[in-house]
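Okay, so here's the structure we're looking at.
Per chain, numbering begins at 1; letters A, B, ... match sequence-line order.
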Protein chains: 2
Amino acid sequence: MIIDKKERIIEAAATSFSQFGFKATTMASVAKIAKVAKGTIYTFFDSKETLFSTILDRTMKNLRQSAEAALQEDAPFHENIQAMLDAILNFRENHQLLIKLGQEAKELGTAEVLEILTQVERMILDYIKSVIEKEQAKGISAKHDPELLAFLIYRTYIALISDWERQHEPLPKETITEIIKSQIH
Amino acid sequence: MIIDKKERIIEAAATSFSQFGFKATTMASVAKIAKVAKGTIYTFFDSKETLFSTILDRTMKNLRQSAEAALQEDAPFHENIQAMLDAILNFRENHQLLIKLGQEAKELGTAEVLEILTQVERMILDYIKSVIEKEQAKGISAKHDPELLAFLIYRTYIALISDWERQHEPLPKETITEIIKSQIH
DNA sequence: AAATGACCAAAAATCCATATCGGTCACTCG
DNA sequence: CGAGTGACCGATATGGATTTTTGGTCATTT
């Protein structure tokens, strides 16, 4: 109760950011939930942005772990890529914080939140890239620059999973697999 | 001067929509530029939307013509597809009306304008699809449903041309060609 | 019959008083 | 002392009353 102040603040902020988004979360309410005074938050974090950043970093670490867990040492390249993409998309769709940020960006369109989401995208792309590089080190020939390949695969996957379904029937999994495979070759 | 009233209205509206966007164009100003009374516009068009629709239809017709002109009867499939995509992208980037609508959607985010842009996308996709179908009728085997292939190619092209360049050096044309080609196979 | 522009209800822009926010810092009290 | 507090500050957001502008109509004119 008396210890763990910083952790309580993080906990409270994480809940609030996930529930209400960035803008609608106030430092006063975080303080109240964490049962500390507002000033105390500022002994641990410089600003609302810094506090948020800490939570986003945790979330991204979780995402990386989910993606990591989906990989299998001996599975073929394209299967691993797809398993990872599945894990990432699944995470994106189920994590309250990311969902809320997405809504916030659409509804309020604030430059601040938009930039955060760009940052998230960047982290995801970097992770995909690192997986590609690791796989390519195993000997598979590199048709494209890993940065470009990561970009291409991720964008296509998002398009096929999310955007396509806005106006069509969902695609069968085999079709998606085949398309991703053809991009790796 | 006395004749051509309808044409003058269309002309004036096209200029105004291109210059100021949908929302910022007023029927009063269109009337003034066209040198007719406001009521006169309503003898030719039911509403602002209808007037706008007429202009959008013209623009889309122009786009189709540009795309059509890029096609060559005897060129290989992938070259034609890319020439057409080039024409479409070039058109999109150079036509004041579409540029302005894009800005408007970003800045004001009105549902109205967003819907219009979806409609434009739909028309472009339909056109790409029709070209694919025509080419496939010539005997090239169909790996995917033309609707899906059109969607995939268009999205990839946009991603490579526009989105990639937001954070990277532009890609050499051959790289883009190669990627598009690999999607058709 | 074709064209007009004063007119209207509805929507949008403008104001401004008030509330809320992120962040600070003099002070408290353990 | 020094970690912790919350009253306080300037800046920004909010709400809602008020004014302006807009799309659309229609009695009147040409």
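- Within residues 44-57 of chain A, the residues approached by DNA chain C to less than 4.0 Å at the level of any non-hydrogen atom are A/Ser47, A/Lys48, in residue-number order.
- Residues passing the side-chain contact (heavy atoms from CB on, under 4.5 Å) test with A/Thr110 are A/Leu108, A/Glu112, A/Val113, sequence neighbours excluded.
- Rounded to an integer number of Å, the gap from B/Lys35 NZ to C/dA3 P is 17 Å.
- Whole-Å rounding puts the B/Phe22 CZ to D/dT22 P distance at 13 Å.
- Ionic pairing of B/Asp57 and B/Lys61 is not present here: no N-O contact between side-chain nitrogen and carboxylate oxygen is shorter than 4.0 angstrom.
- Here the side chain of A/Glu104 pairs a donor or acceptor atom with the backbone of A/Lys23 at under 3.5 angstrom.
- Distance, B/Arg8 CZ to C/dA2 P: 16 Å, rounded to whole Å.
- Atom-to-atom, CZ of A/Phe20 to P of C/dC21 comes out at 12 Å; the value is rounded to the nearest Å.
- Checking side-chain atoms of A/Thr177 against main-chain N and O of A/Lys173 turns up a donor-acceptor pair under 3.5 Å.
- Atom CZ of A/Arg155 sits about 9.0 Å away from atom CG of A/Asp163, to the nearest 0.5 Å.
- Per the geometry, CD1 belonging to A/Ile41 stands 16 Å off C1' belonging to C/dC25, to the nearest Å.
- Taking 4.0 Å as the cut-off between side-chain N and carboxylate O, B/Glu121 and B/Arg92 count as a salt-bridged pair.
- Rounded to whole Å, the distance from CD1 on B/Ile9 to P on D/dG24 is 14 Å.
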Filtered N/O pairs between nucleotides 6-16 of chain D and protein, under 3.5 Å:
none

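- Regarding A/Met27, its CE atom lies at a distance of 6 Å from the P atom of C/dG23, rounded to whole Å.
- A side-chain donor-acceptor contact under 3.5 Å links B/Lys48 to the backbone of B/Phe22.
- Between B/Asp4 atom CG and C/dA2 atom P the separation is 17 Å, expressed in whole Å.
- Among the atoms of the strands shown, only primed sugar atoms or phosphate atoms (P, OP1, OP2) are found under 4.0 Å from some heavy atom of A/Thr25.
- A donor-acceptor pair under 3.5 Å links the side-chain atoms of A/Thr54 to the main chain of A/Thr50, judged by distance alone.
- Proximity note for A/Tyr42 (side chain, C-beta onward) versus D/dT5, C/dG22, D/dG23: the nearest is C/dG22.
- Annotation: cation-pi geometry not satisfied between B/Lys129 and B/Tyr154 (NZ/CZ under 6.0 angstrom from ring centroid, within 45° of ring axis).
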